[in-house]
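For reference, the structure is listed below as structure tokens.
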Number of protein chains: 2
Amino acid sequence: MAKKEKKQPRPKAETPKGFRDYFGTEVTERKAMLDRIAEVYHLYGFEALESSAVETVEALGKFLPDVDRPNEGVFAWQEEDKDWLALRYDLTAPLARVYAQFRNDLPTPYRRYAMGPVWRNEKPGPGRFRQFYQCDADTVGAPSVAADAEICAMLSDTLEAVGIPRGDYIVRVNNRKVLNGVLELMEAHKQPSWAEGATNNEIRGFDVEDAVLRTMDKFDKVGAEGVRQLLGEGRLDESGAFIKGVGLYEDQIDAVVGFLTSRAETNEKTLENLNQLVAGRTETGMIGVRELREIRDLLAAQGYEGDRIVIDPSVVRGLGYYTGPVFEAELTFEITDEKGRPRQFGSVAGGGRYDDLVKRFTGQSVPATGVSIGVDRLLAALRAKGRIDAASQGPVVVTVMDRDRMADYQSMVGELRAAGIRAEVYLGNPKNFGNQLKYADKRQSPVAVIQGGDEAERGVVQIKDLILGAKIAEDASLEEWKSQPAQREISRANLVTEVRKMLEQSR
Amino acid sequence: MAKKEKKQPRPKAETPKGFRDYFGTEVTERKAMLDRIAEVYHLYGFEALESSAVETVEALGKFLPDVDRPNEGVFAWQEEDKDWLALRYDLTAPLARVYAQFRNDLPTPYRRYAMGPVWRNEKPGPGRFRQFYQCDADTVGAPSVAADAEICAMLSDTLEAVGIPRGDYIVRVNNRKVLNGVLELMEAHKQPSWAEGATNNEIRGFDVEDAVLRTMDKFDKVGAEGVRQLLGEGRLDESGAFIKGVGLYEDQIDAVVGFLTSRAETNEKTLENLNQLVAGRTETGMIGVRELREIRDLLAAQGYEGDRIVIDPSVVRGLGYYTGPVFEAELTFEITDEKGRPRQFGSVAGGGRYDDLVKRFTGQSVPATGVSIGVDRLLAALRAKGRIDAASQGPVVVTVMDRDRMADYQSMVGELRAAGIRAEVYLGNPKNFGNQLKYADKRQSPVAVIQGGDEAERGVVQIKDLILGAKIAEDASLEEWKSQPAQREISRANLVTEVRKMLEQSR
């Protein structure tokens with residue numbers, strides 16, 4: 001008896017959880033935006049880099065301490081030779097690896113841009129994906145804040161190049177060093193109020209700093225008064241719960257809140273405010289203010305004034321990570337959120353100076369600064385503002401009336417394509433003509449071409465304006481229909497000319 | 001006593017084995033080529049698709065039988081919920097998954113193109129990478145050979161669009177069905193000579209078919225006579241070893257060799273040869289020849305004659321995989337191999353009809369046909385033919401003579417960029433001027449701009465033609481040097497005009 005073959009169950013046709021597929025214009029619109037960004041980066045002297053999507057877990061580094069679970073946060077797998085490999089989770093860690101590896105061949109400073117997918121092994125959630133695009137530009141090996149200023153100018157140019165007009169965005173600049181100075185002021189007091197009697201380890205160092213940074217991060221939400229309470233005794237939140245505060249002394253709180261709220265009407269005034277906060281009190285803070293002033297001056301010399309680039313000490317995002325200047329690009333126009341309420345669009349890019357990433361590999365500190373654009377957010381902004389070209393047009397569809405005259409239909413599309421007109425023959429089963437028009441509709445085809453046997457004999461074709469046809473079907477009066485018929489007969493010889501005319505009308 | 005912190009060893013800065021990084025023009029040249037390809041695909045009505053780089057191992061399918069080693073051939077890892085995920089190994093398996101998943105929303109036929117990296121878990125070797133680009137176009141849901149003909153025409157247009165002129169390539173077309181007919185003829189004999197007395201299972205079915213296919217694959221290398229020997233008793237190979245043959249009867253061998261060698265001077269004659277081989281003897285073979293004739297006719301009607309598209313039954317690659325028409329694009333010009341010998345460049349793209357990929361998911365057979373371009377090979381061909389734009393030019397480098405006049409230098413690059421000229425300020429340590437020129441050299445900068453304090457006072461700058469400078473340093477006579485100095489002083493106000501003039505001269 002013949003063995004019965006074991007039947008495999010059918011596999012599920014599903015994008016893995018947290019991943020997605022991009023179709024048609026989703027791909028081409030993003031590509032068009034990235035192309036424009038790359039043009040600006042190129043103009044600024046940045047070179048493309050496409051590093052391997054796969055890195056050794058060792059080189060990615062962030063996950064090294066957790067030796068038992070090397071794939072925490074990344075997608076990782078073990079090679080037969082026991083090495084662990086992982087998908088990159090951003091474009092900065094690979095840059096550090098590449099620069100360390102090729103530093104003798106690369107120019108210094110090394111300006112590079114990179115665009116591509118990155119992967120995060122996170123719990124997927126609504127709008128939260130495990131693969132997404134990043135678009136970065138970084139300058140490695142330039143200690144001067146001129147490099148930071150350049151990134152800010154380039155970010156500004158980039159936003160305008162993709163279609164965000166001046167006035168609809170602002171690049172906000174802060175400096176971690178000023179904050180460091182402010183935190184130094186705290187040190188002068190040695191102990192926060194709540195820590196009286198505690199041992200030194202508990203009250204000094206990262207813990208207080210972290211608490212202050214976390215609290216500053218709430219500035220946008222709770223305002224200066226809220227931050228003041230949270231840095232002091234504490235605060236009742238919206239739900240009525242009491243959030244215990246950091247317990248700083250009043251003058252410590254003044255310093256932090258003074259820093260956060262020092263943004264004034266002009267960059268000059270903001271710098272004055274910051275200077276008053278640190279002058280003669282903290283060397284680090286003074287250096288930080290001097291750097292901000294230098295950035296402001298360099299940018300102003302190139303025409304980037306306060307309407308585009310703003311010194312803003314309330315930029316807190318990333319202050320925990322970066323070591324010097326920090327920048328954030330914010331879109332200032334309003335959109336309507338899912339509940340119909342107006343709100344500001346918010347941040348689409350961020351970056352800053354990080355000086356220690358290459359050191360992990362080489363032992364030598366290498367200064368670096370860069371920016372990362374949130375590709376999906378910027379694309380969403382362009383869509384929200386209607387700055388993306390109208391929905392891309394489908395192809396002209398040449399329908400098939402006589403199956404054995406396929407060569408005739410192919411000739412028609414051949415002529416149309418040769419004239420640069422996107423076109424195709426219907427390649428499904430041509431029996432049901434209705435299906436062919438439904439197909440054209442699904443393709444958002446602007447024009448259908450129809451030629452039956454008698455039309456072929458008479459040397460004519462029918463061309464049908466599908467966009468106008470749809471409009472007429474919806475709401476046109478009889479008058480309009482008569483004056484502008486959606487379908488007309490033309491000479492076969494004039495196919496290209498007449499189709500082009502119809503395409504121009506339907507724009 | 002304070003605990004001593006355990007020092008982590010430094011990670012190695014290394015691209016993982018079998019992976020590579022792409023720098024500067026390696027990225028942009030490939031991108032330019034893919035952009036041109038996408039334009040042609042778009043013109044033909046194909047839509048972009050970017051599917052997730054990660055698939056479930058189940059959906060990738062090929063690896064399912066090997067349940068113990070799901071990562072054989074792919075990079076795979078297990079999720080916390082026990083599902084296995086993997087990086088895609090090509091762009092066709094994901095297309096089948098996407099079409100099965102979204103078939104109710106997608107138009108039928110669905111024409112799509114896809115470009116992107118794929119990953120293979122193979123032993124890396126010289127020139128053999130574990131991540132590489134593919135560039136595919138497929139039509140799903142079109143049973144007619146008009147779809148295959150369209151792919152051939154598009155492939156031809158694509159090669160010309162990227163810079164392979166007519167005459168330097170040929171698209172060769174074969175049809176698996178003709179071969180199936182030829183194999184049917186063998187069945188009439190029931191048993192090959194060597195199989196007298198063997199049980200049926202050993203002599204029929206895939207084994208003989210596979211042996212014949214494998215032998216046909218050697219046609220390019222050993223020629224018709226060699227194939228004849230290998231299909232018969234056997235053959236002495238170059239090393240003197242005797243390779244046992246398949247052991248077919250003489251008339252069976254005639255059929256296979258007749259098929260392989262039926263290519264004639266014109267497509268019409270080739271089709272006649274094929275027809276003689278199968279007419280009245282095998283229904284499958286006759287259908288196959290009819291399909292080839294249809295493809296030929298459709299293409300000829302659009303002007304794709306035998307100088308571009310050739311019916312060639314010696315195309316064997318892929319015949320084991322595809323179910324109908326098979327195509328291969330071959331570059332016919334000669335290049336010099338690593339040993340200095342001339343050889344034909346060879347294949348850069350291949351494809352064909354495969355009708356069962358979607359069936360795995362849905363149970364319903366869906367006709368599909370498509371082509372995949374070998375991105376790296378085509379790029380290598382363009383480089384070999386000098387069809388890639390001259391080495392991309394680096395930026396104009398504005399050098400820094402006075403550190404505190406950085407704003408002046410930034411203004412200069414600002415003006416140059418605003419005029420569309422790629423430019424940057426030197427951002428490294430400006431102390432050593434020689435280093436700045438070395439940097440400009442490494443960047444392949446065409447022009448350096450120099451302004452010291454006294455030049456600033458006089459309102460002038462020096463501009464230095466670095467390309468001419470390099471030439472003069474190499475071999476120019478004194479006369480030339482005098483008549484065309486590599487460096488000249490210009491008015492600061494004329495910076496953009498003069499730099500542009502110098503750039504045009506140096507092209």
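So you know, we letter chains A, B, ... as the sequences are listed, proteins then strands, and number each from 1. Computed from heavy atoms alone, side chains included, the values below leave out hydrogens, waters and symmetry copies. All values reported here derive from a predicted model rather than from experimental measurement.
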Mind checking whether B:L427 and A:E150 have side chains closer than 4.5 Å, heavy atoms only?
yes
Most chain B-contacting option - heavy-atom pairs closer than 4.5 Å, from A:M412, A:E14, A:Q101
A:Q101
Note: vs chain A, highest number of non-hydrogen pairs under 4.5 angstrom among B:N435, B:V40, B:L43, B:D83 is B:L43
Examine whether an atom of B:D105 lies under 4.5 Å from a heavy atom of chain A, and if so say whether it belongs to the side chain, the backbone or both; otherwise answer neither.
backbone
Looking only at heavy atoms, which two atoms of B:F361 and A:P11 are closest? And how far apart?
CD2-O, 3.4 Å
Of all of B:D35, B:V358, B:N429, B:D157, which one pairs up most often with chain A through heavy atoms under 4.5 Å apart?
B:D35
Look at A:A149, A:G363, A:A153 and state which one has the largest set of heavy-atom pairs under 4.5 Å with chain B.
A:G363
Max heavy-atom pairs within cutoff under 4.5 Å with chain A, candidates B:A423, B:A100, B:P430, B:G303, goes to B:A423
Per the side-chain contact (heavy atoms from CB on, under 4.5 Å) rule, which among B:K31, B:M115, B:E50 passes with A:K31?
B:K31
OH on B:Y22 to OG on A:S51, rounded to 0.5 Å
11.5 Å
Side chains of B:M406 and A:L298 in contact at under 4.5 Å (non-hydrogen atoms)
yes
So which part of B:K438 gets closer than 4.5 Å to some heavy atom of chain A, the side chain, the backbone, both or neither?
neither
Would you call the rings of A:W77 and B:F75 parallel, tilted or perpendicular, where under 30° means parallel and over 60° means perpendicular?
tilted
Tightest non-hydrogen contact, residues A:A48 and B:T28, listed as CB-CG2, 4.1 Å
Any carboxylate oxygen within less than 4.0 angstrom of a Lys/Arg side-chain nitrogen, looking at A:R97 and B:D21?
yes
Which residues satisfy the salt bridge (Lys or Arg N to Asp or Glu O under 4.0 Å) test with B:E424, sequence neighbours excluded?
A:R111, B:R443
What part of B:Y113 gets within 4.5 angstrom of chain A, counting heavy atoms only: side chain, backbone, both, or neither?
side chain
Taking the side chain as every heavy atom from C-beta outward, state whether B:T15 and A:F102 have any pair of such atoms under 4.5 Å apart.
yes
Which one, B:A146, B:A142, B:A38, B:A147, leads in non-hydrogen pairs under 4.5 Å with chain A?
B:A146
Once rounded to the nearest 0.5 Å, what's the spacing between atom OH of B:Y41 and atom CZ of A:R422?
14.0 Å
Any donor-acceptor pair under 3.5 Å from A:Q131 side chain to B:A53 backbone:
yes
For A:K17, is there an ion pair with B:E79 - N to carboxylate O distance below 4.0 angstrom?
no
Side chain, backbone, both or neither: which part of B:R112 has a heavy atom under 4.5 Å from chain A?
neither
Atom of B:P109, atom of A:Y439 and distance for their closest heavy-atom approach
O-CE1, 3.2 Å
With a 4.5 angstrom heavy-atom cut-off, which part of B:T108 approaches chain A: side chain, backbone, both or neither?
backbone
Structural part of B:R20 lying under 4.5 Å from a heavy atom of chain A:
backbone
For A:A301 and B:S411 the tightest heavy-atom approach is O-OG, 3.2 Å
Which bit of B:L85 comes within less than 4.5 Å of chain A, counting heavy atoms only: side chain, backbone, both or neither?
side chain
Look at atom NZ of B:K442 and say whether more than 12 heavy atoms of other residues, nucleotides or ligands are closer to it than 6.0 Å.
yes
Could you give the distance from OH (B:Y426) to OG (A:S144), rounded to the nearest 0.5 Å?
11.0 Å
For B:F132, is it the side chain, the backbone, both, or neither that has a heavy atom closer than 4.5 Å to a heavy atom of chain A?
neither
Cut-off 4.5 Å, heavy atoms of chain A, and the answer for B:I421 is backbone
Measuring from atom CZ of B:R10 to atom NZ of A:K359, what distance do you get when rounded to the nearest 0.5 angstrom?
9.0 Å
If you measure from NZ on B:K123 to CD on A:E80, what distance do you get to the nearest 0.5 Å?
6.5 Å
B:V54 versus chain A, the contacting section by heavy-atom distance below 4.5 Å
both
Is there side-chain contact between A:R417 and B:Y44, with heavy atoms separated by less than 4.5 Å?
yes
I'd like to verify something: which residue of A:G428, A:G45, A:P395 has the highest number of heavy-atom pairs under 4.5 Å with chain B?
A:G45
Heavy-atom cut-off 4.5 Å, strictly under: side chain, backbone, both or neither for B:T362 against chain A?
backbone
With a 4.5 angstrom heavy-atom cut-off, could you sort out which part of B:R30 is near chain A: side chain, backbone, both or neither?
side chain
Heavy-atom cut-off 4.5 Å, strictly under: side chain, backbone, both or neither for B:P107 against chain A?
both
I'd like to know if the side chain of A:Q410 and the backbone of B:Q302 have a donor-acceptor N/O pair within less than 3.5 Å.
no
